[in-house]
Amino acid sequence: MPFTKESVEEIASLHEEPDWLRKRRREAFEVYERLALPSKIDEEWRRVDFKGLKLDEFRAFEEPNGAAPGVPIDGAAGVLRQRGSAPGKVDLDPELAAKGVVFLPLSQGAKEHRELVEKRLFSEVRPDRDKFAAVHAALFSGGTLLYVPDFVEIEQPLVGQYWSSGGGAAVLPHTLIVAGKGAKFNYLDEFLSPSLDQPALTSGSAEIFLGEGAQVGYVALQKWGRHAYQFANQRVHVGKEATARLFNVTLGARFAKVRVEANLQGPGGMAELKGIYFASDDQFFDFHTLQDHQVGQTTSDLLFKGALRDTARTVYAGLIRIEKDSARSDAYQANRNLLLSKQAKAYSIPMLEIINNDVRCTHGATVGPIDPEHLFYLASRGIPKAVAQRMIVQGFFGEVADRIPFEQARRLVAEELEARLG
Amino acid sequence: MADLEIRDLRVSVEGREILKGVSLDVSKGEVHAVMGPNGSGKSTLSQTLLGHPGYKVEGGRVRFKGQDILELTPDARSRLGLFLALQYPIVVPGITMNNFLRTALNAHRGYDGKDKSKSVSPKEFRTLVEPYLETLRIDRTFLSRYINEGFSGGEKKRAEILQMAVLQPEMAVLDETDSGLDIDSIKYVSEAINKMRGPELGVLMITHYTRILQFIKPDYVHVMVAGQVVESGGAEVADRLEREGYAQWGEEVA
């Protein structure tokens, strides 16, 4: 069944949304109807193959069913757990609530904290970016609002967990994070579902706003089942002297098209964009990253590392953009790919767009198999080949996994990788 | 019968024959030095003994402890008790020395992640490593660093000998362990090797220079030129080399 205006109204009612938000959804739906599917003529979509994806086949939302797994980490300061497209259930440390921390399902947040949500929602991840961003904005189901007031520091991480078990539906959570001046905290989004027969349309988009001097770590761990098509946009707005550390882990879904972007808007702002992907069987992942230095004296540091097995294919394309007035900016970008089979294919396309010369910019890309000298070295010490290979892949990921902003997520990702490397 | 028997070994690299029939016998308790000029095939010999995939055996055989090892994978050769200290130890990113050494030692013990009783305990690991960290003047923080990453040339070579100390091989091939080392490092490395020397260890020391032989006294010295052993004898062969260099064999072999 195709998505309709009625489905937009239905989901807005289901979440009891205020009129302004309902109106936003309607507008986004008009964009969705107007836009064609991206074509291969467009450079960004040239290598993207969404064979088998039929947008007409999805129900607009998913009734919650199935038993969701437990909270992935211990000791979280706040947890939001969402099943299917229904609003999530929140558990927040009362001390934080007393300090003014807001942690709510997004629709409820929109109703109760219009001042936080209205001007920010879909301002960084714009519905007119493409047809998939439009459908996400029109039919986003659930999601999170996290607001941390000025100078509030949260020691333990907060967690959003999105569980889907239906198949055949659109499950489109949206995370909106607002960090006040000098706020400090870490956040983990976990997206997961079992592998099902019927395809699903999923997202896992995020807009993150950092006020002056804020320090925020955000980890997105994507473990959608192999039936899912994922289209996600994760974008951070970095204010003056603020530090954002985004870490994207893409493991699941049959198809994932993910944008990770930093919008550096304040001098002294710093964005660290790191990512890990491990693709096997016939998975297809596409990452487009952007380090957008809108003002000077900003820093960005990007490293995406992927390993591919079987007949998996990945695309990485990263752009560093330094505007005319953005002197004394410093940008680094690297993408490394490890091919674990002869049939796996990785494309890596680094790009620079530098309009100011008073900057420091480095980028690099590599695609290749495990270095046979590394294997020989480990083997010469008695380590069997299969073990050596696993160690080398873990080591390859370890170099970037060390940059996961907080310990619990580091452990979680390490365990996840270990299980998948087998 | 020697513990390591190399017979008429012929090896090619990228279609070019490098070893043209090398025979050597090395037994436990002995230290052999194989000396030769650049390009004589010394490193080809050492890499072939451990089964580096870039070297193709064209003929001959190698037996270690009575077993034909040319058919064995490099890891199986290592577990049989053969060790190679690389001429150019490589950096392996993301794997700590600690993890590397423990995994190697566990592999030697036959621990495959299941039978915990076979795995090396942290305490046992420490007792193996600590004395050699001291002898080799390696700071213990090196163990938490990635394999050879950021190590100086001398530190890399010393780390090779540390690996040897942990794995306790029966036959160690040291491929130009002395090359590029400052005199202090040579002393530390020699001290560590001399400490390991004994009836349970055979050493095949491959070197270009006689310098290290002042610190590690060989029982036998072989001269290799153009892929063949052209002379074998006792320590006096090295003394002659020290005086006369390799030129004397230039004519003979050409």
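Below, read A as the first sequence line, B as the second, and so on, with proteins coming before strands; counting in each chain starts at 1.
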Participant: Under 4.5 Å from any heavy atom of chain A, what part of V91(B) do you find: side chain, backbone, both or neither?
Facilitator: backbone
Participant: Where do F376(A) and L50(B) land on the side chain to side chain contact (heavy atoms under 4.5 Å, CB included) test, with the steps shown first?
Facilitator: CA-CA 9 Å; F376(A) 175 69; L50(B) 260 291; 3.9 Å; yes
Participant: Please indicate whether E407(A) has more than 12 foreign heavy atoms, meaning atoms of other residues, nucleotides or ligands, lying under 6.0 Å from its CD.
Facilitator: yes
Participant: For chain B, which of G398(A), A379(A), S380(A) has the most heavy-atom pairs under 4.5 Å?
Facilitator: A379(A)
Participant: Is the number of heavy atoms from other residues, nucleotides or ligands within 6.0 Å of CZ (R7(B)) greater than 12?
Facilitator: yes
Participant: Pick one of side chain, backbone, both or neither for I147(B), based on which atoms fall under 4.5 Å of a heavy atom in chain A.
Facilitator: side chain
Participant: Can you say whether P372(A) sits under 4.5 Å from chain B via the side chain, the backbone, both, or neither, judging by heavy atoms?
Facilitator: neither
Participant: Tell me, side chain or backbone of D371(A) under 4.5 Å from chain B's heavy atoms, or both, or neither?
Facilitator: neither
Participant: May I ask you to check whether over 12 heavy atoms, not counting those of E134(B), lie within 6.0 Å of atom CD?
Facilitator: no
Participant: Taking everything shown except D139(B) itself, do over 12 heavy atoms lie less than 6.0 Å from its CG?
Facilitator: yes
Participant: Which bit of N106(B) comes within less than 4.5 Å of chain A, counting heavy atoms only: side chain, backbone, both or neither?
Facilitator: neither
Participant: Under 4.5 Å from any heavy atom of chain A, what part of H108(B) do you find: side chain, backbone, both or neither?
Facilitator: side chain
Participant: Does K195(B) NZ have over 12 foreign heavy atoms under 6.0 Å away?
Facilitator: yes
Participant: Which region of F100(B), side chain (C-beta onward) or backbone (N, CA, C, O), has a non-hydrogen atom less than 4.5 Å from a non-hydrogen atom of chain A, or is it both or neither?
Facilitator: both
Participant: NZ of K28(B): more than 12 outside heavy atoms within 6.0 angstrom?
Facilitator: yes
Participant: If you take all heavy atoms of R381(A) and S78(B), which pair is closest and at what distance?
Facilitator: C-OG, 3.0 Å
Participant: Supply the atom-to-atom distance H374(A) NE2 to I90(B) CD1, rounded to the nearest 0.5 angstrom.
Facilitator: 4.5 Å
Participant: Passes side chain to side chain contact (heavy atoms under 4.5 Å, CB included), M391(A) versus T103(B)? Steps please.
Facilitator: CA-CA 9 Å; M391(A) 285 173 81; T103(B) 309; 3.6 Å; yes
Participant: Among G51(B), P53(B), P93(B), A76(B), single out the residue with the greatest number of heavy-atom pairs under 4.5 Å to chain A.
Facilitator: P93(B)
Participant: Begin from the C-alpha positions of L378(A) and I95(B) and carry the test side chain to side chain contact (heavy atoms under 4.5 Å, CB included) through to its verdict.
Facilitator: CA-CA 10 Å; L378(A) 268 59; I95(B) 303 174; 4.1 Å; yes
Participant: Output the distance between atom CD1 (I383(A)) and atom CZ (R102(B)), rounded to the nearest 0.5 Å.
Facilitator: 13.0 Å
Participant: Please flag which part of V400(A) lies under 4.5 Å from any non-hydrogen atom of chain B: side chain, backbone, both or neither.
Facilitator: neither
